[in-house]
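First the structure, in the form of structure tokens, and then the observations on it.
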Amino acid sequence: MRDIPEPEPDRRDDTALNETRPTDTLFGTLEERVVPVLVPLPAERPYSYRVPEGMQVEPGTIVQVPLGPRQVAGVVWDAPTDPVEPRKLRPITRRFDCPPLSTETRRFVDWVADYTLSPPGLVARMVLRAPAAFDPEPAAEGLRLTQARPDRPTSARTRLIETAAHPGEWTRGGLARAAGVSLSVVDGLMRQGVLEPVWLPSHPVVAPPDTGAARATLNPEQGAVAEQLAERIGQGFSVSLLEGVTGSGKTEVYFEAVARALDAGGQVLILLPEIALTQSFIDRFHARFGAEPAQWHSDVAPRTRERVWRQVAEGRVRVVAGARSALFLPFSNLSLIVVDEEHDPAYKQEDRTFYHARDMAVVRGQIGGAPVVLASATPSLESRVNAEAGRYTRHLLASRFADAVLPRLELVDMRRHPPARGRFVSPVLLTAIEETVARGEQALLFLNRRGYAPLTLCRVCGHRFGCPQCSSWLVEHRLRGTLQCHHCGHAERRPEACPHCGTFDHLVPCGPGVERLAEEMVEAFPDARTILLSSDLPGGARRLRQELDAVADGEADIVIGTQLVAKGHHFPLMTLVGAVDADLGLANGDPRAAERTFQLLHQVTGRAGRTGLKSRGLIQTFAPEHPVMQAIAAGEPEAFYQRETIERERAGLPPFGRLAAIIVSADTRREAEEHGRELRRAAPPDDDLEVLGPAEAPLALLRGRHRFRLLVQGPRRAPLQAYLREMTARAPRPRGSVHVQIDIDPQSFL
DNA sequence: AGCACGCCGACT
DNA sequence: GTCGGCGTGCTC
């Protein structure tokens, strides 16, 4: 990790903070202090503000400053500013009573801004996204018993005093309720000075974790890995790749490193993809540490969010479990970062500031001198290559818990075992389902396609229903009676007649979706309990969670699900997993399609067989010879990764993609994609082609490992060309890259 | 990012 | 004749 550039020294040296500069006034020279303040807007440098007489600020102090017509929160920074006319200078409005952002947090903001070519103000904005947290939480007024005693001790008063004598914090209302007296009794005793008001410190948003609450029982292998991870705590920056199949105890193992970091007095951040941040994870944490971690994700109530932010800044919150944005919390003493499910594409943010949270977590660890643990059953190519190259230490958890065994995986060659006409499940899989259900066990059919059918056409005239806004087909959702575009969200009612030729009742669905698969199962196994799990079912996330629990409790025989079944849910009775269309993800033109498909199928088949029952995974494919299918059948990621990546790297080839197209002309991503489709048609068939929007293009150029075809046209041509010239000029500047550049997507090989 | 200013199409 | 579209520019 020596590749992370040191912060450029000149950036700190040439602007002394609280710089004193003489200003000429009518009355002579007046000394005034001017400081750089990073404001939440896309300016390349901090703005300068005057510091009012008597105000103390230092780098990291959070302040309120006037900005045009409004007041905004900014951070006092330590970077040079552009010269500004003295008459434009305005004073800082106030400083918030809030711990200053730590040096590590500030260096992290600078680094991310520099790396992602984002204005530092916008990165700082991600840190400051808890507006009401900069002022201290309003202290609650509590009451405390004094030495004084009432002049006339009535029974109500005596009871009140007895109650108040109990240890603990009492509020006015709470005390009255607990003593069974009215508020006027409390007020009376306050007037007599028997009770006095005290300021209660605000309550911790979560109880402190207890590292000794419940030691996990680890087998020798897990114990050894846990110890190796724990030994890294306090030893400075390192990255450990913790790899193990579903059920191998990764979480329990890294919890031991978390415990060690907490014992050493540090803060811990556990990053999870938003979808994996479930109650079940929180429960597991609670079981180990006797308290919940603070949570940070989009569903956390604003009020709680602010308290978490504040208490992280104060160092009172010790552990945060959060989605990628938790990386920008104002930790002051971060001593361990865990990135669970590190391969998950949800870590990549693709709007505003583009960043990959896994990579930025590594950078944050480097800046703060803290160890980083990346955990996954199916590590990303980047992480595997980094491990191969010795930058990351690899820890392998080979076995599963107890007697649970991995499912036996078989490929079903759909050319040799075709389903019946208009059906999608091969007789081989049908037989397996029948046997499974007969034994009272559960079968899972995985198909990553929502709705009933991905394409509808008219049997009479051949009309195909396409999206009016983009170029994809409309997906029929029979349960809702709609045709929907999964690309742009366009939806319309399913018509009775063909809009082209007017014929009624001759519209035919083509291809399978989960709804259609459910229909097929109900017909084939009318006595079995079939359940459909899809993110678009009515009832929303809560209903879905209930359904998942019901499945785990055995209240279904056949489960049909989209990719949501691959994420973090354990079904103890599941002994058969069928991937209905394993080839599906391979054909979509995504250069990471093979990797994603491998990961998805691996995770789905890993759902089965936690109880020690014999379990099977059947993978329906038309291409059993494809390396992804071979690797899945072997049940060993190695086969796939070596073929797909490492060999390629050894051969001296760019890992993926010989040609990347950059569309710099477009104003919107959609427009860029349209240009991209044209370009893809025109490209030689053996070129791997990546289409990048305008926001990504300069970055890709800067990182430049690929040949680029530039298409520069349209209304913003001139500024973009200038920008690109500037970027190209910057590109040769020797700067290391933290990660092996495996992904042609510039954001992922940061 | 917001927000204001500024120049061209369909209407209370 | 105005209301309103978003293109352009500015914020210490």
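In summary, the aromatic rings of A/F331 and A/F108 are positioned with their centroids too far apart to meet the 6.0 Å limit.
Looking only at side-chain heavy atoms (C-beta outward), A/S48 and A/L89 come within less than 4.5 Å of each other. The side-chain heavy atoms of A/V72 and A/V65, taken from C-beta on, include a pair separated by under 4.5 Å.
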Practice prompt. Go through A/D135 and A/R94 one step at a time and tell me if the salt bridge (Lys or Arg N to Asp or Glu O under 4.0 Å) criterion holds.
Written response: CA-CA 11 Å; A/D135 282 316; A/R94 67 187 183 111; 3.0 Å; yes

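Rounded to the nearest 0.5 angstrom, A/E137 CD and A/R303 CZ are separated by 6.5 Å.
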Polar atoms only, N or O, under 3.5 Å: list the protein pairs with nucleotides 9-12 of chain C and their distances.
from   : atom 1 : to    : atom 2 : distance (Å)
C/dT11 : OP1    : A/K88 : NZ     : 3.4
C/dT11 : O3'    : A/G68 : N      : 3.0
C/dC12 : OP1    : A/P66 : O      : 3.2
C/dC12 : OP1    : A/G68 : N      : 3.4
C/dC12 : OP2    : A/R90 : NH1    : 2.8
C/dC12 : O3'    : A/S48 : O      : 2.9
C/dC12 : O3'    : A/R90 : N      : 2.9
C/dC12 : O2     : A/S48 : N      : 2.6

